[in-house]
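Computed from a prediction, not measured in an experiment: that's the story for all the values here. Order of listing sets the numbers, starting from 1, for every ligand and every atom in it. Below, all heavy atoms of this structure are taken into account, side chains as well, without hydrogens, waters or symmetry copies.
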Amino acid sequence: MNFGTRLLHNGNEVDPFTGAASVPLYQASTYHQADIDNPGTFDYARSGNPTREALEQTIAELEGGTRGFAFASGMAAISTVFLLFSKGDHLVVSEDLYGGTFRVLTEVLPRLGIQATFVDTTDLDQVRAAIRSQTRALYIETPSNPTLKVTDLKGATELAKEQGLYTIVDNTFLTPCYQRPLEQGADIVIHSATKFIAGHSDVVSGLVAVGDASLADRLALLQNALGSVLGVQDCWLTMRGLKTLKTRMDTSSASADYIARELRRFPEIRRVYYTGLEDHPGHRIQSRQSEGHGAVLSFDLGDGQRVRQVLSRVRLPLVAVSLGAVESILSYPAKMSHAAMPPSERAKRGVTDGLLRLSVGLEDPDDLLEDLERAIRGRRISSVGTEWRASIV
Ligand SMILES: *Cc1c(COP(=O)(O)O)cnc(C)c1O
């Protein structure tokens with residue numbers, strides 16, 4: 001069955017006990033044990049819950065894994081995965097990294113004796129050079145944020161296997177709809193399901209999928225031991241969002257492609273980053289290893305002054321952190337996700353004061369483009385919408 005069908009028919013869509021068309025919220029912390037010598041499947045909800053289990057089995061199935069895990073947030077998922085490692089272990093990590101992941105790797109894990117080296121994983125020679133005898137894993141984000149650098153997943157997982165390392169991939173930007181790292185040799189896939197998977201800016205949620213049974217057992221132990229589980233209400237919301245993933249991804253990605261091409265014509269815009277553009281450095285690899293280019297693009301307006309003008313004038317996108325929602329979200333990396341990074345470091349990565357990131361939602365792409373054009377060109381807007389937006393900021 002194809003992906004769009006499997007979103008709706010994957011064996012976890014109907015409540016096995018009642019036949020209900022949506023898995024119910026099993027809002028219970030514990031379970032009656034009718035026979036103390038033969039305990040049931042569930043005994044305590046931190047260890048297991050039917051609502052959470054349906055979501056966990058669904059993500060495993062969609063990523064082509066054997067077991068899935070739902071966590072209280074993307075960061076809870078990432079942190080729990082990192083605790084597979086021990087004192088003395090070393091990780092090689094994509095330098096273009098989600099800020100929260102960078103924080104855990106630089107401010108928390110070193111206290112536990114776990115070290116990381118950050119390299120440009122689009123260059124496998126750099127990855128190879130960073131591997132030490134204590135290295136245990138390669139951690140990749142592709143495409144990266146916000147300039148959408150593409151790492152060759154097959155090349156990276158082959159190198160990792162040859163060196164006896166796990167490959168861990170943060171698949172938040174593309175989701176299993178377009179990219180399935182386990183099928184390309186990765187060992188662990190992680191999601192901030194807060195973004196495209198849940199997709200409605202209404203839940204914070206994290207997911208992990210793995211193929212190997214012993215790795216799954218170790219993660220299950222950590223999830224239960226640390227208690228970093230997703231609550232049932234949020235499991236239900238994540239599953240509700242997931243059902244429309246393909247439709248949302250396809251529509252938003254088509255709009256992102258259209259908007260990226262149109263924005264390139266604007267003389268005010270110095271550069272547009274979108275992997276669907278044929279001259280993006282990662283275009284060829286991305287086209288080979290994934291089935292789509294996703295709904296996130298970035299563009300450089302040249303300076304911070306112009307960015308401020310645009311952010312104060314746009315009416316349609318939310319001006320916010322986060323991405324992957326039904327509504328478009330415009331983010332300013334220099335002041336949001338990358339604020340903690342020194343300007344020189346930011347500049348090296350293309351995260352200039354003029355860079356904006358757009359996560360394209362489900363609005364009509366012509367309306368989005370017109371809104372952006374008006375904001376960039378500085379034409380006056382005569383709408384109550386702006387005043388209302390201004391009044392709530
Ligand atoms: C948002 C995000 C995270 C963190 O997820 P939360 O759900 O906010 O904890 C991790 N990785 C990427 C790529 C993200 O965009």
Side-chain angles (χ1 to χ4, degrees), residues 55 59 63 69-83 91 93-109 116 118 121 139-151 153 168-179 181 186 188-209 223 226 228-231 233-235 237-238 241-242 245 249 252 256 273 275 290 294-298 318 320-325 328-333 336-341 349 351 357-361:
L55 171 62
I59 192 61
E63 285 284 8
F69 302 91
F71 293 95
S73 66
M75 283 322 305
I78 291 166
S79 305
T80 303
V81 165
F82 282 150
L83 289 179
L91 313 172
V93 181
S94 291
E95 67 178 5
D96 277 354
L97 196 66
Y98 178 72
T101 310
F102 183 79
R103 182 163 48 214
V104 171
L105 284 166
T106 55
E107 293 186 34
V108 182
L109 295 185
F118 301 92
T121 52
Y139 185 99
I140 297 167
E141 247 177 64
T142 180
S144 73
N145 178 26
T147 59
L148 308 169
K149 284 189 179 169
V150 178
T151 296
L153 281 176
I168 305 166
V169 179
D170 182 331
N171 202 26
T172 299
F173 270 44
L174 290 181
T175 82
C177 184
Y178 289 156
Q179 179 167 279
I188 303 176
V189 176
I190 306 181
H191 287 282
S192 168
T194 309
K195 318 293 168 53
F196 291 101
I197 285 191
H200 292 71
S201 297
D202 55 10
V203 63
V204 172
S205 160
L207 295 171
V208 170
Q223 185 195 37
L226 300 172
S228 45
V229 294
L230 187 62
Q233 187 93 36
D234 290 345
C235 287
L237 278 168
T238 304
L242 194 49
L245 178 67
M249 287 299 282
S252 290
Y273 298 88
T275 65
S290 55
V296 179
L297 61 95
S298 298
L318 286 177
V321 295
S322 201
L323 57 110
S328 294
I329 300 177
L330 193 58
S331 310
Y332 187 23
M336 295 173 174
S337 54
H338 292 66
M341 200 179 272
R349 291 162 201 219
V351 187
R357 184 189 74 196
L358 179 65
S359 167
V360 180

Peer 1: Starting from atom 4 (C) of ligand 1, what is the nearest protein heavy atom, named by residue and atom, and what distance separates them?
Peer 2: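 Of every protein heavy atom, Y98 CE2, 3.3 Å lies nearest to atom 4 (C) of ligand 1.
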Peer 1: Return the closest protein heavy atom for atom 7 (O) of ligand 1 as residue, atom name and distance.
Peer 2: T194 OG1, 2.6 Å
Peer 1: Quick check: closest heavy atoms across P176 and I59, and the distance to 0.1 Å?
Peer 2: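 Heavy atoms of P176 and I59 come nearest at CG-CD1, 4.3 Å.
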Peer 1: When only distance counts, is G74 in polar contact with ligand 1, meaning an N/O pair under 3.5 Å?
Peer 2: yes
Peer 1: Starting from atom 9 (O) of ligand 1, find the nearest protein heavy-atom neighbour and note its residue, name and distance.
Peer 2: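 Going by distance alone, atom 9 (O) of ligand 1 is nearest to M75 N, 2.8 Å.
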Peer 1: Measuring from atom OG1 of T101 to atom CE of M75, what distance do you get when rounded to the nearest 0.5 angstrom?
Peer 2: 4.0 Å
Peer 1: For ligand 1, is there an atom lying under 4.0 Å from some heavy atom of I190?
Peer 2: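 Under 4.0 Å: no for I190.
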Peer 1: If you measure from each heavy atom of D170 to ligand 1, is any distance below 4.0 Å?
Peer 2: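 In this structure, D170 qualifies as a contact of ligand 1 - some heavy atom is under 4.0 Å.
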Peer 1: Give the residue, atom name and distance (to 0.1 Å) of the protein heavy atom nearest atom 15 (O) of ligand 1.
Peer 2: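 Among all protein heavy atoms, the one nearest atom 15 (O) of ligand 1 is K195 NZ, 2.7 Å.
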Peer 1: First locate atom CZ of F196, then atom OG of S359, and finally report the distance between them rounded to the nearest 0.5 Å.
Peer 2: 4.5 Å
Peer 1: For I78, take its heavy atoms, then give the atoms of ligand 1 lying under 4.0 Å from any of them.
Peer 2: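 Ligand 1 atoms under the 4.0 Å threshold to I78: 10 (C).
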Peer 1: Begin from the C-alpha positions of E63 and L207 and carry the test side-chain contact (heavy atoms from CB on, under 4.5 Å) through to its verdict.
Peer 2: CA-CA 11 Å; E63 285 284 8; L207 295 171; over 6 Å; no
Peer 1: With distance as the sole criterion, is a donor-acceptor pair present between the side chains of T121 and S94 under 3.5 Å?
Peer 2: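 Judged by distance alone, the side chains do pair up.
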Peer 1: Quick one: pull up CG in D234 and CG in D202 and give me the separation to the nearest 0.5 Å.
Peer 2: 8.5 Å
Peer 1: For atom 5 (O) of ligand 1, what's the nearest protein heavy-atom neighbour? Residue, atom name and distance, please.
Peer 2: S192 OG, 2.9 Å
Peer 1: What distance separates Y139 OH from I188 CD1, expressed to the nearest 0.5 Å?
Peer 2: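 If we round to the nearest 0.5 Å, Y139:OH and I188:CD1 are 10.0 Å apart.
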Peer 1: Using a 4.0 Å cutoff against the non-hydrogen atoms of S73, which atoms of ligand 1 qualify?
Peer 2: 7 (O), 9 (O)
